[in-house]
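Working notes, beginning with the structure itself.
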Amino acid sequence: MKKLVVLFVAISIATLLVNCKSEEKAVNFSELTKSYFDGKNELSPLEATLNGQNEYNDQLQLEMTDSYRTKQKAFFDKYETELSKVDETKLNSEEKISYEIIKWEVSIGKDLLKQPANLMPVHQFWGTHLTMGQYAGGTAAQPFKTEKDYRNFLKRMDLYAVWMDSAMVYMKKGMAKGIVLPKALTIKVIPEFQDMITAKVEDNLFYTTIKTMPTTFSEAVKKDLTDKYTAAINDKLTPRFNKMAQFLKEEYLPASRATSGIGSLPFGKELYGAYVKQWTTTEMTPDEIHTLGLKEVARLKLEMEKVKTEVGFNGTLFAFFEEVRNKKELKPFKKPEEVLANFESIYARIKPNVDKLFSLQPKTKFEIRRTEAFREKSGSAEYIQGAADGSRPGVFYVPIPDIANYNLYGDEDLFLHEAIPGHHFQVSLQQENQQLPDFRKFNWFGAYGEGWALYTESLGSELGLYKDPYQYFGMLGNEMHRAIRLVVDTGMHTKGWTREQAIQYSLDNEAESEASIISEIERYMAIPGQALSYKIGQLKIIELRKKAEAKMGSKFDIKKFHEKVLESGVLPLALLEKKINGWIAGK
């Protein structure tokens with residue numbers, strides 16, 4: 001009997017130790033995800049501010065420097081080692097997803113560091129210089145409510161001056177090696193710095209928030225902040241803006257390359273391969289993507305022909321594109337406010353139908369705004385996420401650089417993509433989900449995020465839109481636009497296509513204006529691979545929906561499908577597919 005008691009006690013202790021070990025492992029993994037998020041924020045403080053991690057509001061990364069890239073490598077090496085210590089079998093389902101996401105990010109991060117893309121630290125589409133301008137305006141993510149908020153941004157302004165010096169140093173290194181922007185892009189970057197120079201400090205973008213200081217600030221604080229912001233603009237920023245604009249015009253532009261794609265650079269093929277993997281989260285090759293794009297373009301052309309017939313247009317599809325581009329009835333607005341009002345009316349029309357498709361909806365508020373003047377000329381319509389704590393709404397920004405030529409034919413579709421139920425639903429639900437670790441609440445994978453937004457465009461009819469054939473054509477046009485991206489992005493970066501070839505291919509296959517198409521092609525030149533994410537992600541989500549409908553039959557619930565796609569936040573596509581397959585199988 002004593003032996004049995006001793007044996008029972010031994011087994012109990014062993015079980016207790018195993019359970020403790022398991023709990024310890026879970027706690028450690030939770031700590032790992034937290035430290036991983038902290039490390040990402042430290043490396044990208046501007047993004048941390050966007051994500052509401054306000055302890056980083058006075059910091060700025062010098063992302064082009066060798067020292068910064070050394071920190072990145074150390075970060076990836078650290079978490080590669082940490083993951084190797086984790087026992088996956090002890091993780092729950094969401095923790096396993098977190099494990100796979102970190103593993104994927106570390107791998108692609110290390111791949112991207114292998115090539116010297118840092119020698120081209122500036123382009124016209126996005127980046128530190130544009131984000132700093134947005135934050136300076138006082139209506140974006142950077143808070144300006146307290147004295148500390150103002151002093152945080154003052155430190156950022158000081159660091160921004162250093163950032164511009166560093167950017168020029170690394171651009172000169174790039175010039176020495178022939179690693180430079182295409183000429184067409186350099187031309188677009190110059191005014192982004194030049195336009196920051198004002199005759200009066202009071203008119204400077206970086207002075208904006210001084211005019212709107214809270215009334216609760218004492219006169220002494222107001223004077224001190226005014227003096228310090230004035231000095232930072234006059235003594236640090238404006239001289240750098242001048243120097244950068246002069247450098248770009250006199251030195252960098254003559255050295256800029258005539259080629260359009262990064263495939264022309266010595267390491268271009270390898271770098272583009274890494275970008276394709278990063279943005280699509282797949283193992284698809286550029287050739288496979290190019291072929292897929294050609295097939296999608298052909299399919300969508302057939303659908304467009306049907307609309308052309310429906311509206312009674314007798315010419316060719318190419319002629320119909322011209323008709324849609326220039327049709328006066330599709331350019332009815334006289335004031336920018338009318339464009340915003342039209343989007344508000346679209347919002348009002350879909351509201352009654354959203355509940356039919358979505359049981360899971362965000363609490364974060366939503367607004368429609370015109371894109372700020374300083375970036376409106378080269379900006380695209382976009383969604384900027386709200387704050388997770390509800391203090392800042394999600395914003396759908398609409399650029400209206402030329403009201404006389406603003407064409408509304410794609411506005412219903414655009415609203416679904418950028419706003420509801422596209423980016424606003426997906427990003428807000430992800431941030432609001434308390435079951436996710438912080439690094440996943442604020443994470444982004446283009447193939448999932450943009451794929452979801454493009455998928456939601458196909459829901460327009462179910463939401464009460466696309467009753468006008470021109471608006472339906474707008475949906476087809478926007479999907480065609482994403483299909484064309486598969487062709488022209490891979491064409492420029494792997495097949496030697498010129499900027500002009502890519503522009504002409506777009507003009508031949510879609511109804512966007514020439515100015516808009518030029519801006520888009522130059523965008524793909526600036527951020528290779530990013531444009532591939534939309535269609536690749538959309539096609540995967542559509543494939544998974546069709547599979548679920550076929551296998552589940554009468555048990556298929558569209559609300560539940562959308563919930564399952566959205567509930568875990570952005571995922572690499574292979575993980576999304578695994579999750580949906582599990583749901584279909586009833587696991």
Side-chain angles (χ1 to χ4, degrees), residues 21-53 55-56 59-118 270-271 273-283 388 430-431 433-449 529 568-576 578-579:
K21 180 83 173 172
S22 176
E23 287 177 20
E24 180 187 0
K25 185 66 68 176
V27 168
N28 284 344
F29 187 72
S30 176
E31 289 171 4
L32 186 152
T33 61
K34 184 182 184 309
S35 68
Y36 180 72
F37 184 55
D38 291 341
K40 286 181 78 171
N41 286 328
E42 191 177 335
L43 284 169
S44 304
L46 285 177
E47 194 172 330
T49 295
L50 179 64
N51 294 334
Q53 310 305 304
E55 61 268 38
Y56 302 92
Q59 298 172 36
L60 191 72
Q61 70 273 20
L62 305 179
E63 67 273 9
M64 75 293 293
T65 62
D66 293 338
S67 59
Y68 178 83
R69 285 162 71 85
T70 299
K71 283 182 186 175
Q72 279 186 303
K73 186 177 183 308
F75 173 79
F76 295 136
D77 287 343
K78 174 184 176 181
Y79 286 95
E80 191 171 56
T81 301
E82 290 297 314
L83 286 181
S84 69
K85 300 174 185 175
V86 175
D87 183 353
E88 287 181 78
T89 63
K90 300 295 197 301
L91 304 179
N92 64 38
S93 58
E94 284 297 344
E95 285 175 334
K96 284 178 181 176
I97 290 175
S98 296
Y99 175 93
E100 291 297 334
I101 289 173
I102 295 174
K103 184 179 177 182
W104 192 90
E105 289 184 346
V106 165
S107 174
I108 195 65
K110 293 183 83 165
D111 280 351
L112 289 169
L113 281 176
K114 290 174 183 175
Q115 313 303 337
N118 61 312
E270 292 77 14
L271 181 58
Y275 283 145
V276 168
K277 186 175 180 180
Q278 176 195 23
W279 287 110
T280 70
T281 66
T282 71
E283 299 295 329
Q430 178 173 302
Q431 288 186 166
N433 188 347
Q434 296 305 310
Q435 304 306 310
L436 300 181
D438 283 344
F439 92 91
R440 284 176 59 191
K441 287 182 188 176
F442 304 107
N443 215 9
W444 182 253
F445 291 116
Y448 175 103
S568 293
V570 293
L571 304 171
L573 294 181
L575 288 181
L576 174 64
K578 185 177 179 181
K579 178 183 173 66

Please answer whether the main-chain N or O of Tyr56 pairs with a side-chain N or O of Gln59 as donor and acceptor at a distance below 3.5 Å. no
Got Lys114 and Glu270 here, is their nearest side-chain heavy-atom distance under 4.5 Å? no
Which pair of non-hydrogen atoms, one from Lys277 and one from Ser107, has the smallest distance, and what is that distance? NZ-OG, 4.5 Å
Please assess Glu100 against Trp104 for the test side chain to side chain contact (heavy atoms under 4.5 Å, CB included), listing each intermediate value before the final yes or no. CA-CA 6 Å; Glu100 291 297 334; Trp104 192 90; over 6 Å; no
Say you draw a straight line from CG of Asp87 to CZ of Phe29; how long is it, rounded to the nearest 0.5 Å? 11.5 Å
The test is side chain to side chain contact (heavy atoms under 4.5 Å, CB included); show your working for Asn118 and Tyr68 and say whether it passes. CA-CA 10 Å; Asn118 61 312; Tyr68 178 83; over 6 Å; no
Without hydrogens or angle criteria, can the side chains of Gln53 and Asp438 be said to hold a donor-acceptor pair below 3.5 Å? no
Heavy-atom distance under 4.5 Å between the side chains of Lys40 and Phe442, does that happen here? no
Please check if atom CD in Glu94 has more than 12 non-hydrogen atoms from other residues, nucleotides or ligands closer than 6.0 Å. yes
I'd like to know if the side chain of Ser44 pairs up with that of Gln61 as donor and acceptor (distance under 3.5 Å, no hydrogens or angles considered). no
Nearest heavy-atom pair of Asn443 and Gln430: which atoms, and what distance? O-NE2, 2.9 Å
Taking every heavy atom of Thr280 against every heavy atom of Ala447, the minimum-distance pair comes out as O-CB, 3.3 Å
Walk me through it: do Lys441 and Asn51 pass the test side chain to side chain donor-acceptor pair (under 3.5 Å)? CA-CA 9 Å; Lys441 287 182 188 176; Asn51 294 334; over 6 Å; no
Which heavy-atom pair separates Leu113 from Arg69 by the least distance, and what is that distance? O-NH2, 3.1 Å
One pair to check against side chain to side chain contact (heavy atoms under 4.5 Å, CB included): Phe445 and Ile101. What are the steps and the verdict? CA-CA 10 Å; Phe445 291 116; Ile101 289 173; 3.8 Å; yes
CG of Asn433 to CZ of Arg440, rounded to nearest 0.5 Å, is 8.0 Å
To the nearest 0.5 Å, what is the distance between OG on Ser35 and CZ on Phe75? 8.0 Å
Could you grab the distance from atom CD1 of Ile97 to atom CG of Leu91, nearest 0.5 Å is fine? 11.5 Å
Can you tell me how far CZ of Phe37 sits from CD1 of Ile102, rounded to the nearest 0.5 angstrom? 12.0 Å
Correct closest heavy-atom pair for Leu271 and Ala117 would be CD2-CB, 3.9 Å
Other residues, nucleotides, ligands: >12 heavy atoms within 6.0 Å of Lys110 NZ: yes
By salt bridge (Lys or Arg N to Asp or Glu O under 4.0 Å), Glu82 pairs with (sequence neighbours left out) Lys85
Looking only at atom types and distance, does a side-chain atom of Tyr79 sit under 3.5 Å from a main-chain N or O of Val106, one as donor and one as acceptor? no
Could you check whether any side-chain N or O of Ser84 sits under 3.5 Å from a backbone N or O of Thr81, counting only pairs where one atom can act as donor and the other as acceptor? yes
First locate atom CG of Asp38, then atom CD of Glu31, and finally report the distance between them rounded to the nearest 0.5 Å. 11.5 Å
Heavy-atom closest pair, residues Asn41 and Ala48: OD1-CB, 3.5 Å
Tell me, please, which residues at least two apart from Glu88 pass salt bridge (Lys or Arg N to Asp or Glu O under 4.0 Å). none
Checking the side chain of Gln72 only, and the main-chain atoms of Leu43 only, is there a donor and an acceptor separated by less than 3.5 Å? no
